[in-house]
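Any value given below was found using the heavy atoms of this structure, including those in side chains, with hydrogens, waters and symmetry copies removed. All residue numbers in this chain count up from 1 along the given sequence.
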Amino acid sequence: MSTIALHVNRRAVELSAEPRTSLADFVRDKLDLTGTHLGCEHGVCGACTVLLDGVPARSCITYAAACEGADVTTIEGLDEDEVTVELRAAFTREHALQCGYCTPGMLVSARDLVLRLPDADERCIRVGMSGNLCRCTGYVGIVRAVQSVIEARRARNIGPQTGGGRTILGPAGSGRAAPGRSEPPPAGTALASASDSAARGTILDFTPATVLDQRFTLPHAPAKVFAMFDDIAGIASCLPGVALTGVRSPERVEGAIRVRLGPIAAAFEGAARVERDPVTLSGRIVGIGTDRRSHSATQGEIRYRLLPLEGGAATAVELSIGYTLTGMLAQIGRPGLVRDLARRLIAEFAGNLDRQMSGASSEQIAPAELSFWSIASDVLRARIARIFGRRSEAG
């Protein structure tokens, strides 16, 4: 447990909470401010939107501990706010709510648009509200409500505020935590430093932002599998979208991985450091890559360990995959989907590795490019099957 000090709805708050507690759970469970609703809990639906230092933020994916020293305003704190009062009336007048579950987050986001937009442009409003999902209304009433408030305020000569009234720039907490506390550099800064080091021939160690643990088995002896892991070109051919562009030494390789995320095609180019321990049948690959088109960068680490099965006739491969991603592509991934995709990718890698070790031709091994949609469709089908399976068991 750690003590978190911040201001919520203009009131100083200092309470203890687990480091992993989200801001949404903090205000709901610790402060009984249940107007902040939880929907997807992946930062997608917008139901949990609050103001963090005056900026709309997804409280379900924001750690409360990261808000040390910040000003948090929930929907309860906007009861007497002039813009929110006008929006509530407009939402009622334009029939902009039905079940009302999404409405608190809608009001917080709509308030930001009323403050910032110079006029009631429908397209700008739809784009601005696109991060808040509603299952009931069809959005027409919501857009009309926001338009009517903007039009009324501009007609009263109340102009837009530069930056929506923001006075503080920066991440959660805006750097206002207790003096003397050491803050880690932003991920983008760390990646830039790592990229410079890679260009100079050094691949730095790092602490991954996300770690995924996977395990699969192969019908081959551990010594044979470990020897295969020493064949970097062979391993690369088993990974969808991966291609080597150069091997400087057994400890350093250069290559690229191509990924297509719907309309976005990314080609991460970089280098990796390879470490192996024959005694423990384990190893590590640490890499850095950048995609110039999307201005995204990533650091990745794969740790593996081989364990004998069936008296040494088969092998269990334990993988720990860690990565940090910044840039445009970092906005696309969601933790639950990433875990599902990782399981599918490892399954493809394991199948390709087995075929390679069994003497299959290169055409039978890996696709040239990793397609997000082909894998995501299989993931969604599997999720639907699990949902209907649970319902059948309940019936």
Side-chain angles (χ1 to χ4, degrees), residues 7-11 23-25 27-28 31-62 71-168:
H7 286 78
V8 180
N9 298 337
R10 298 173 298 279
R11 178 167 66 93
L23 180 58
D25 287 335
V27 298
R28 286 177 59 85
L31 302 175
D32 202 28
L33 297 171
T34 55
T36 298
H37 292 166
L38 286 169
C40 66
E41 298 193 60
H42 283 72
V44 176
C45 73
C48 69
T49 306
V50 299
L51 294 177
L52 186 57
D53 285 334
V55 181
R58 301 289 196 261
S59 61
C60 73
I61 56 172
T62 301
D71 289 324
V72 178
T73 304
T74 69
I75 191 65
E76 292 91 345
L78 296 173
D79 279 349
E80 299 177 4
D81 176 75
E82 176 183 281
V83 176
T84 307
V85 169
E86 294 181 37
L87 280 168
R88 284 202 300 265
F91 268 54
T92 301
R93 183 177 62 251
E94 297 294 342
H95 305 290
L97 70 156
Q98 289 184 36
C99 79
Y101 196 85
C102 68
T103 305
M106 286 280 184
L107 289 172
V108 174
S109 296
R111 177 186 179 275
D112 183 66
L113 292 181
V114 171
L115 290 175
R116 289 191 296 106
L117 295 183
D119 52 55
D121 180 80
E122 180 178 345
R123 182 180 181 279
C124 290
I125 292 171
R126 287 186 177 274
V127 170
M129 297 297 294
S130 62
N132 293 76
L133 305 184
C134 176
R135 299 181 65 181
C136 303
T137 65
Y139 301 98
V140 175
I142 295 171
V143 174
R144 287 177 180 170
V146 179
Q147 283 181 308
S148 68
V149 173
I150 294 176
E151 289 171 351
R153 290 177 68 82
R154 301 301 175 260
R156 300 199 306 269
N157 294 321
I158 303 176
Q161 298 181 22
T162 303
R166 294 164 173 77
T167 58
I168 300 172

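- Annotation for F91 and A145: closest pair CD1-CB, 3.6 Å, computed over non-hydrogen atoms.
- Atom-to-atom distance recorded for D71:CG and L51:CG is 10.5 Å, nearest 0.5 angstrom.
- In this structure, G43 and I61 approach most closely via the heavy-atom pair N-CG2, 3.7 Å.
- For the residue pair L87 and V149, the shortest heavy atom distance occurs at CD2-CG2, 3.8 Å.
- At a threshold of 4.0 Å, the pair R156-E86 counts as salt-bridged, since one of the basic side-chain nitrogens sits closer than that to a carboxylate oxygen.
- Counting heavy atoms from C-beta outward, L78 and L107 have side chains that stay 4.5 Å or more apart.
- Distance alone, capped at 3.5 Å, is enough to place a donor-acceptor pair between the R28 side chain and the T36 backbone.
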Verdict with reasoning, D25 to L38, per side-chain contact (heavy atoms from CB on, under 4.5 Å): CA-CA 9 Å; D25 287 335; L38 286 169; 3.5 Å; yes
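- Here I150 contributes atom CD1 and D121 contributes atom CG; the two are 9.0 Å apart, rounded to the nearest 0.5 Å.
- For the side-chain contact (heavy atoms from CB on, under 4.5 Å) with V8, the qualifying choice from T73, L23, L31 is L31, the only one to do so.
- Residues C45 and G39 share a closest heavy-atom pair of SG-CA, 3.8 Å.
- For S109 against T49, the heavy-atom pair with the smallest separation is OG-CG2, 3.9 Å.
- Side chain of H37 to backbone of A47: no donor-acceptor contact under 3.5 angstrom is found.
- Interatomic distance, I142 CD1 to N132 CG, rounded to the nearest 0.5 Å: 8.5 Å.
- Looking at heavy atoms from C-beta onward, V27 lies out of side-chain contact with E76 at the 4.5 angstrom threshold.
- Side-chain atoms of E94 never come within 3.5 Å of backbone atoms of R144 as a donor-acceptor pair (strictly under, hydrogens ignored).
- Of the inter-residue distances, the one linking E122 atom CD with Q147 atom CD reads 5.5 Å to the nearest 0.5 angstrom.
- Considering T74, V50, V72 as possible partners of N9, the one that fulfils the side-chain contact (heavy atoms from CB on, under 4.5 Å) test is T74.
- Considering every non-hydrogen atom in both T137 and Q98, the closest pair reads CA-NE2, 3.7 Å.
- When side chains are defined from C-beta on, P160 counts as touching R154, because their heavy atoms get closer than 4.5 Å.
- Panel note: side chain Y139, backbone L133; no donor-acceptor pair is recorded below 3.5 Å.
- R58 places a side-chain heavy atom less than 4.5 Å from the side chain of C48.
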Could you walk me through whether M129 and V143 pass side-chain contact (heavy atoms from CB on, under 4.5 Å), step by step? CA-CA 8 Å; M129 297 297 294; V143 174; over 6 Å; no
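- The distance from atom CZ of R123 to atom CD1 of I125, rounded to the nearest 0.5 Å, is 12.5 Å.
- Using a distance-only test at 3.5 Å, with no hydrogens or angles considered, a donor-acceptor pair links the side chain of T92 to the main chain of R88.
- In this structure, C124 SG and D119 CG are separated by 7.0 Å, a value rounded to the nearest 0.5 Å.
- Within 6.0 Å of CZ on R135 lie no more than 12 heavy atoms contributed by other residues, nucleotides or ligands.
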